[in-house]
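Everything on this sheet refers to the single structure shown next.
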Amino acid sequence: MNSGRRAVARAHANIALAKYWGKADDVHNVPAVTSVSVTLEALTTTTEVRFDPSLAVDRLELDGREAEGRALERVTALLDRVRRAASIETRARVASRNSFPTGSGLASSASGFAALAIAARSAAGLELDRDRASDLARRSSASAARSIHGGFVRLRAGEPGDAFLPAEPVAPASHWDLRVVVAVTTKGPKKVGSTEGMGHTARTSPYYPGWIALCQRLSAEVERAVLARDLRALGEAAEQSALAMHACAMAAGPALIYLEPSTLGCVHAVRAMRDRGVAAWATIDAGPHVKVLTTGGDAERVRQELASLPGVVDTIVSRVGGDATVELEEA
Ligand code: DP6
């Protein structure tokens, strides 16, 4: 029994350059499209897991506060998979912290489930196997599969019924010293979560088949541009992927609109910067914040311009982050 082991894992958030939006299989959480991401050094989740024989149920602390409900259920679902793999039944204490401001609305599920997958497997006495950890994280949130690896990462589209689908490294963080500037914008009404949003899009948007077809081309273009370190080609493909995803969601019935006025303000500012010769391309996930791909030389200028826009409440400049890591201690 490994009840005395405490594992602490750190994983970085990632931003998809070629977006995942749509599932081939809801039960096994298999993506319908291939996505390619960059791991963000500045946004980190640290998660501690300890299996504790005195517990009757799993316990979860998020940023210092006891969490229950849906958040705890999702953590227990992942822990149940680990318990089955390790042939144990012990419940666990999980404590997770984000380096980025809580409540900023910046997605934490990718780094959160990646850190949890790695920490839980180690605490249960399973070996550090990145493919298994990535596959485990994917079952909780597909974008989390990518946060197991640093640098640039691919998660392939799968087939219905696929039981094993880990993310794969495309290039390490050392391959390309890109910068990503995050513009945290004021929040609008409560957003629809990604899982629900992509399901609704797939069911009701007339553009969904077009989106699926486009993704095949864009994910290949993104990967080619990453390998060639071609920021213009990468930026153009990434911007099209993000805006096509949002166009597809906006054509759903009823419309799914994640973009706020401040979001569009950032996108227009990025395009205007480009006209002035600044290397800057925007991408947006299922929320109002904007992430801008740029170079080390232009990052501060991009950050300042974004920070001066109405509705932008914070800015973060990130380098490309490394692999998720874990430390194990015998308690
Ligand atoms: C817009 O990974 O959160 O951020 O697998 O249903 O948990 P589930 O979805 P999730 O979706 C992320 C969607 C996205 C694009 C991306 O990260 O590729």
Side-chain angles (χ1 to χ4, degrees), residues 11-40 43 45 70-71 73-75 77-78 105-117 134-149 152-158 160 162 165-168 170 180 182 191-203 205 208 211-212 214-216 218-219 222-223 237-250 252 256-259 263 282-291 293 321:
H12 303 294
N14 70 78
I15 176 85
L17 304 165
K19 301 289 181 198
Y20 147 59
W21 195 252
K23 296 180 198 285
D25 179 337
D26 292 304
V27 177
H28 299 94
N29 203 34
V30 178
V33 297
T34 297
S35 56
V36 181
S37 61
V38 57
T39 301
L40 302 179
L43 305 180
T45 300
R70 188 70 193 119
E73 275 169 32
R74 291 183 79 184
V75 165
L78 187 151
L106 287 174
S108 58
S109 69
S111 49
F113 283 112
L116 177 64
S134 176
D135 180 69
L136 176 65
R138 175 188 56 78
R139 296 294 297 258
S140 297
S141 196
S143 54
R146 301 185 308 239
S147 275
I148 296 293
H149 300 287
F152 301 84
V153 186
R154 170 200 320 117
L155 178 61
R156 281 185 207 280
D162 265 348
L165 186 68
E168 305 150 316
V170 170
V180 177
V182 182
K191 66 167 187 164
V192 178
S194 301
T195 310
E196 195 186 337
M198 66 179 80
H200 176 69
T201 306
R203 282 188 302 276
S205 176
Y208 187 69
W211 160 251
I212 298 289
L214 176 70
C215 285
Q216 230 179 339
L218 286 183
S219 59
V222 162
E223 215 171 297
E239 212 171 86
Q240 189 178 8
S241 175
L243 293 175
M245 181 193 101
H246 284 278
C248 186
M250 279 194 268
L256 207 46
I257 307 178
Y258 291 105
L259 313 179
T263 317
T283 181
I284 312 148
D285 278 340
H289 312 302
V290 178
K291 285 98 177 176
L293 306 172

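Numbering starts at 1 and runs along the sequence shown. Order of appearance sets the numbers: ligands from 1, and atoms from 1 within every ligand.
- Interface of Ser194 with ligand 1, defined as ligand atoms under 4.0 Å from a residue heavy atom, comprises 3 (O), 9 (O), 10 (P), 11 (O), 12 (C), 13 (C).
- Using a 4.0 Å cut-off between heavy atoms, Ala142 contacts ligand 1 through both its backbone and its side chain.
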| request: Starting from the C-alpha separation in whole Å, work towards a yes-or-no answer on side chain to side chain contact (heavy atoms under 4.5 Å, CB included) for Asp162 and Asp25. | output: CA-CA 8 Å; Asp162 265 348; Asp25 179 337; over 6 Å; no

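- On a distance-only criterion, Asn14 and ligand 1 share no N/O pair closer than 3.5 Å.
- Not a single heavy atom of Arg138 lies less than 4.0 angstrom from ligand 1.
- Using a 4.5 Å heavy-atom threshold, the side chains of Trp211 and Thr201 count as separate.
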| task | Take His246 and Leu256, measure what side chain to side chain contact (heavy atoms under 4.5 Å, CB included) needs, and give me the verdict at the end. | result | CA-CA 8 Å; His246 284 278; Leu256 207 46; over 6 Å; no

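- What sits closest to atom 16 (C) of ligand 1 on the protein, heavy atoms only, is Arg146 NH2, 3.4 Å.
- In plain terms, the two heavy atoms of His28 and Arg139 that are nearest each other are O-CD, 3.4 Å.
- Less than 4.0 angstrom separates some heavy atom of Ala286 from each of these atoms of ligand 1: 1 (C).
- Remark: among candidates Ser37, Ala16, Ala13, Ser143, the nearest residue to atom 10 (P) of ligand 1 is Ser143, based on non-hydrogen atoms.
- Residue Met198 has at least one heavy-atom neighbour below 4.0 Å for each of these atoms of ligand 1: 9 (O), 11 (O).
- Two residues are said to be in side-chain contact when any heavy atoms from C-beta on lie closer than 4.5 Å; Val170 and Val153 fail this criterion.
- Of all protein heavy atoms, the one lying nearest to atom 7 (O) of ligand 1 is Ser141 OG, 2.8 Å.
- Ligand 1 has a nitrogen or oxygen under 3.5 angstrom from a nitrogen or oxygen of Thr195.
- Under the 4.5 Å side-chain criterion, counting only non-hydrogen atoms from C-beta, Gln240 is in contact with Leu218.
- Heavy-atom contacts of Lys23 reach the following atoms of ligand 1: 5 (O), 6 (O), 8 (P) (cutoff under 4.0 Å).
- The Met245 neighbourhood of ligand 1 comprises atoms 1 (C), with distances under 4.0 Å to a heavy atom of that residue.
- Residue-level proximity to ligand 1 for Glu196 is absent, since no heavy atom of it falls below 4.0 angstrom.
- Within the 4.5 Å cutoff, side-chain heavy atoms of Leu155 are placed close to those of Pro31.
- Every atom of ligand 1 is numbered from 1 in the order shown, and the set under 4.0 Å from a heavy atom of Asn29 is 5 (O).
- Taken to the nearest 0.5 Å, the CG atom of Leu243 stands 8.0 Å off from the OG1 atom of Thr283.
- The nearest heavy-atom contact from the protein to atom 15 (C) of ligand 1 is Tyr20 O, 3.3 Å.
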| field | Evaluation steps, side chain to side chain contact (heavy atoms under 4.5 Å, CB included), between Phe113 and Ser108 | value | CA-CA 8 Å; Phe113 283 112; Ser108 58; over 6 Å; no

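- When side chains are defined from C-beta on, Tyr258 does not count as touching Asp285, because their heavy atoms never get closer than 4.5 Å.
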